[in-house]
Amino acid sequence: MPGRTRSRYTTFLVSVTAERSGGRGRPAKSAPLVYAVMKPNAEAAIEAIRALAEEPAVVAVVGSLSTRVSKGLKLKPGEPRPV
């Protein structure tokens, strides 16, 4: 009897940087917030975090975590967590 096909997940690090004006037409510098989220691909990770982000914000994948670190953080698929 064939087993279930397992979905492969990758833990992506997704950065959220708010776009704010700094007054007098200059852009303000704001520290990005980085989330770890387990998703099958980068596009799904971006969409999951974009749903959490306040508008307007720049959302981008900035890296990934190893399986060992993901298990250490006890991440579950689809559960975004700030790191």
task = Dump the intermediate steps for side chain to side chain contact (heavy atoms under 4.5 Å, CB included) on Val37 and Arg81, then the final yes or no.
result = CA-CA 6 Å; Val37 61; Arg81 184 176 302 170; over 6 Å; no
task = Could you please spell out the steps behind the side chain to side chain contact (heavy atoms under 4.5 Å, CB included) verdict for Ile49 and Val16?
result = CA-CA 8 Å; Ile49 300 303; Val16 178; 3.3 Å; yes
task = Assess whether side chain to side chain contact (heavy atoms under 4.5 Å, CB included) is satisfied between Leu75 and Thr11, documenting all intermediate values.
result = CA-CA 9 Å; Leu75 283 175; Thr11 304; 3.6 Å; yes
message = Determine whether Leu13 and Val61 satisfy the following criterion, side chain to side chain contact (heavy atoms under 4.5 Å, CB included), listing intermediate values before the conclusion.
response = CA-CA 6 Å; Leu13 294 173; Val61 173; over 6 Å; no
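Taking CZ from Arg50 and CG from Leu52, the interatomic distance works out to 12.0 Å, rounded to the nearest 0.5 Å. For the atom pair Leu65 CG and Met38 CE, the distance stands at 10.0 Å (nearest 0.5 Å). Atom OG1 of Thr67 is separated from atom OH of Tyr9 by 14.0 Å, given to the nearest 0.5 angstrom.
Nearest heavy-atom pair, Ala42 versus Phe12, reported as atom, atom and distance to 0.1 Å: N-CZ, 3.5 Å. Residues Lys74 and Glu79 share a closest heavy-atom pair of O-OE1, 4.4 Å.
Taking the side chain as every heavy atom from C-beta outward, Val34 and Pro82 never approach each other to under 4.5 Å.
The cluster map of Ile, Leu, Val, Met, Phe, Trp and Tyr, joined by side-chain heavy atoms under 4.5 Å apart, puts Val62 and Val83 in the same cluster.
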